Visitor: 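Questions regarding the structure given below will be posed in turn.
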Amino acid sequence: MGSRQTSIRKSQKRSQPISRDLLLWYDRHRRDLPWRAAAGERSDPYAVWLSEIMLQQTTVTAVKPYFERFMARWPGVRDLAAAPLEAVLDQWAGLGYYARARNLHACAIIISRDHDGLFPDNEAALKRLPGIGDYTAAAIAAIAFDRPAAAVDGNVERVISRLYHITQPLPAAKKPIRAQTLALVPDDRPGDFAQALMDLGAVICTPRQPRCPACPWQAHCRAAAKGDAESLPVKAPKKQRPIRHALAFWLEKDGAVFVRRRPAKGLLGGMLEIPTSPWLDTPPLMAEAMAHAPYQAQWSTLPGEVRHVFTHFELLITVLRADQPISAPKDGHWLARDQLDGLPGLMQKIARHALAAQS
DNA sequence: GAAACGTGGCT
DNA sequence: TAGCCAAGTTT
């Protein structure tokens, strides 16, 4: 399969006119991003890798400050590998999809220990590393090492499905989209081509109201010709989200908040949390849920609820507050109030709710 | 192939 | 408000 796709690409001319059109557009309109090397310069594989992991299912705007902080604190892969996992997780807090941070750390250790601190320069070896799948392996190979790889992310799926008017719904359409993308990758500047394709999807070939008149591929685009670009790509219908409920126990003393570390895997795995009762699919019965408080205290119920939407369910939290524990809290520690940015988004939301209620 | 896995911005 | 979407990977 892979060899067949490669033969398709190699059967093309060195650089097709359509691919060159995109590179010319990129030379004029490329975005200036913190992890992107200046035109014509080599990029740092560590920075490319770090940015690609952060950018998985995450917007450029959200990633920028995190990328800057990580690069400042851990400038190289060996620095990251030497850090405690907890430090990496706390620095990642708020970005979401925390398995990425766990895999990031695990990958840094493998690179440092088994690869002499150097990233592999080919897709196959990259894909064996934790947190690196089809897309990220291709992206790193192309961007960091200028290898002719097809980096197919959501942007590229959209651009290619419109260009060739692929109406088969995702994710089944991934195979033909990938084959078509690979056929377009030029031998010259494949790294720039990968980034150009993503920039095109992000800036011109947007999900809604694509700017077709400004597109370097307008003349080639089947969807533009038919005028139905916005209807592509076709996606499978989404399932509805169930609603779950819980109590949160906000315990504050001397300007510090009681927190604990969640189990290493699963939802918010390894992250700090404000203790909660179990998350159930029915509203909590107060007496029953309070039995799950991690300590005895004089609890008062704060008005309102905290609503948090996860990918596959929605959570409604009622916050209980106390100033002094009656029994000594166990399995946790006190966190200064100015360190609450080390909590995941849901927990920061609970904290804001509790702090707003007392002021 | 389907489900688990976060979060914030935009319409 | 509710739904959609963002440089996906793992199980």
Side-chain angles (χ1 to χ4, degrees), chain A residues 31 33-36 43 47-67 89 92-104 106-107 126-144 149-159 169-175 178 181 191 194-203 205-210 230 233-244 262 265-271 273 279 306-315 341 343-349:
Chain A
R31 288 178 293 174
L33 301 170
W35 44 84
R36 186 171 276 180
S43 45
V48 172
W49 165 69
L50 177 61
S51 67
E52 288 300 338
I53 301 298
M54 287 183 165
L55 286 161
Q56 290 168 6
Q57 297 289 283
T58 308
T59 58
V60 165
T61 304
V63 165
K64 277 181 181 171
Y66 282 84
F67 176 81
L89 290 174
W92 194 278
L95 241 202
Y97 285 140
Y98 299 99
R100 292 184 295 172
R102 303 195 297 269
N103 287 329
L104 185 84
C107 183
L126 285 162
K127 264 192 72 172
R128 285 183 222 119
L129 297 165
I132 298 182
D134 288 335
Y135 161 74
T136 306
I140 295 173
I143 297 169
V152 182
D153 70 337
N155 287 306
V156 178
E157 285 175 353
R158 188 167 57 254
V159 170
L170 288 169
K174 280 174 180 285
K175 271 192 175 66
R178 189 179 191 293
T181 305
Q195 296 177 89
L197 212 37
M198 290 189 275
D199 276 19
L200 187 69
V203 176
C205 196
T206 50
R208 288 174 304 275
Q209 299 181 27
E230 197 164 345
V234 179
K235 298 193 174 180
K238 314 228 156 129
K239 291 178 36 179
Q240 71 170 69
R241 274 190 280 262
I243 300 178
R244 294 180 187 164
R262 287 175 64 86
K265 294 187 175 181
L267 190 69
L268 307 179
M271 302 301 292
E273 70 169 354
W279 304 0
V306 173
R307 177 172 175 272
H308 191 76
V309 181
F310 290 98
T311 308
H312 52 300
F313 67 95
E314 182 177 330
L315 185 61
D341 57 357
L343 296 175
L346 161 64
M347 303 300 163
Q348 290 189 39
K349 210 179 283 185

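All values derive from a computational prediction rather than experimental measurement. Labels below follow one simple rule: chain letters A, B, ... track the order of the sequence lines, proteins then strands, and each chain is numbered from 1.
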Visitor: Check whether any side-chain heavy atom of A:Leu129 sits under 4.5 Å from a side-chain heavy atom of A:Trp49, and report yes or no.
Guide: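 A:Leu129 vs A:Trp49: side chains apart.
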
Visitor: Atom CD1 of A:Ile53 and atom SG of A:Cys107: how far apart are they, to the nearest 0.5 Å?
Guide: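 It is 7.0 Å, given to the nearest 0.5 Å.
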
Visitor: How is A:Pro171 classified with respect to the nucleic acid when contacts are heavy atoms under 4.0 Å: base, sugar-phosphate, or nothing?
Guide: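 Here A:Pro171 touches no strand at all.
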
Visitor: Taking heavy atoms of chain A and a 4.0 Å limit, find me the 5'-most and 3'-most nucleotide of DNA chain B within that range.
Guide: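 With heavy atoms of chain A under 4.0 Å away, the range is B:dA3 to B:dT7.
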
Visitor: Take A:Thr59 and A:Arg208, find for each the nucleotide of DNA chain B with the closest heavy atom, and name the residue whose nucleotide sits nearer the 5' end.
Guide: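 With A:Thr59 and A:Arg208 compared, the 5'-side residue is A:Thr59.
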
Visitor: Base, sugar-phosphate, or nothing for A:Val63, non-hydrogen atoms under 4.0 angstrom?
Guide: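 It contacts nothing in the nucleic acid.
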
Visitor: Among A:Asp199, A:Val156, A:Val159, find the one that has a side-chain contact (heavy atoms from CB on, under 4.5 Å) with A:Cys205.
Guide: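 The residue from A:Asp199, A:Val156, A:Val159 that satisfies side-chain contact (heavy atoms from CB on, under 4.5 Å) with A:Cys205 turns out to be A:Val159.
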
Visitor: Counting the atoms with a prime plus P, OP1 and OP2 as sugar-phosphate, which does A:Thr136 contact under 4.0 Å by heavy atoms, base, sugar-phosphate, or nothing?
Guide: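 Counting heavy atoms under 4.0 Å across all strands, the contact made by A:Thr136 is with sugar-phosphate only.
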
Visitor: Counting any heavy atom closer than 4.0 Å, what does A:Val309 reach on the DNA or RNA strands: base, sugar-phosphate only, or nothing?
Guide: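 Base, at least one base heavy atom under 4.0 Å.
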
Visitor: Would you measure the distance from the P atom in B:dG6 across to the matching atom in C:dT11 and give it in whole Å?
Guide: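 So the two P atoms sit 14 Å from each other.
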
Visitor: Between A:Thr311 and A:Lys238, name the one whose nearest nucleotide on DNA chain C is closer to the 5' end.
Guide: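 Result: A:Lys238.
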
Visitor: If you look at every strand shown and take non-hydrogen atoms under 4.0 Å, does A:Leu95 touch a base, only sugar-phosphate, or nothing?
Guide: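 The residue A:Leu95 makes base contact.
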
Visitor: Which part of the nucleic acid, if any, lies within reach of A:Arg102 when heavy atoms closer than 4.0 Å are counted: base, sugar-phosphate only, or nothing?
Guide: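 Nothing: the residue A:Arg102, judged by heavy atoms under 4.0 Å, touches no strand.
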
Visitor: Centres of the A:Phe310 and A:His308 rings: under 6.0 Å?
Guide: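 Under 6.0 Å, so yes.
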
Visitor: Return whichever of A:Leu129 or A:Val60 has its heavy-atom-nearest nucleotide of DNA chain C closer to the 5' end.
Guide: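 The residue mapped nearer the 5' terminus is A:Val60.
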
Visitor: Looking across every strand, which nucleic acid part, if any, lies under 4.0 Å from A:Trp92 by heavy atom: base, sugar-phosphate, or nothing?
Guide: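 A:Trp92: no heavy atom of the nucleic acid under 4.0 Å.
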
Visitor: CG/A:Asp153 to CG/A:Leu197 distance, rounded to the nearest 0.5 angstrom?
Guide: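 Reported to 0.5 Å precision, the distance equals 8.0 Å.
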
Visitor: Are side-chain heavy atoms of A:Leu55 and A:Met198 found at a separation under 4.5 Å?
Guide: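 No, too far: nothing below the 4.5 Å cut-off.
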
Visitor: Give a yes or no on this: more than 12 heavy atoms of other residues, nucleotides or ligands lie within 6.0 Å of atom CZ of A:Arg307.
Guide: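 12 or below, so no.
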
Visitor: I'd like the C1' distance from B:dC5 over to C:dA6, given in whole Å.
Guide: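 The same atom, C1', in both gives a distance of 15 Å.
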
Visitor: Nucleotide range of DNA chain C contacted by chain A, 5' to 3', under 4.0 Å to a heavy atom?
Guide: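 With heavy atoms of chain A under 4.0 Å away, the range is C:dC5 to C:dT10.
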
Visitor: Without hydrogens or angle criteria, can the side chains of A:Arg100 and A:Gln56 be said to hold a donor-acceptor pair below 3.5 Å?
Guide: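 Their side chains do not contain a donor-acceptor pair, so the 3.5 Å distance test is not met.
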
Visitor: Between B:dC10 and C:dA7, how far apart are the P atoms? Round to whole Å, please.
Guide: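 My reading of the P atoms in C:dA7 and B:dC10 gives 15 Å.
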
Visitor: Students often get this wrong, so: under 4.0 angstrom with heavy atoms, is A:Ile143 touching a base, only sugar-phosphate, or nothing?
Guide: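 If one applies the 4.0 Å heavy-atom cut-off, A:Ile143 turns out to touch nothing in the nucleic acid.
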
Visitor: Do you know which two heavy atoms are closest between A:Trp92 and A:Tyr97, and how far apart they sit?
Guide: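 The answer is NE1-O, 4.0 Å.
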
Visitor: When all nucleic acid strands are considered with a 4.0 Å heavy-atom cut-off, which category describes A:Gly94: base, sugar-phosphate, or nothing?
Guide: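 If one applies the 4.0 Å heavy-atom cut-off, A:Gly94 turns out to touch the sugar-phosphate alone, with no base involved.
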
Visitor: Check A:Arg262 with A:Glu273, please: is the shortest side-chain N to carboxylate O separation under 4.0 Å?
Guide: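 Here A:Glu273 pairs with A:Arg262 in a salt bridge, since their nearest N and O are under 4.0 Å apart.
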
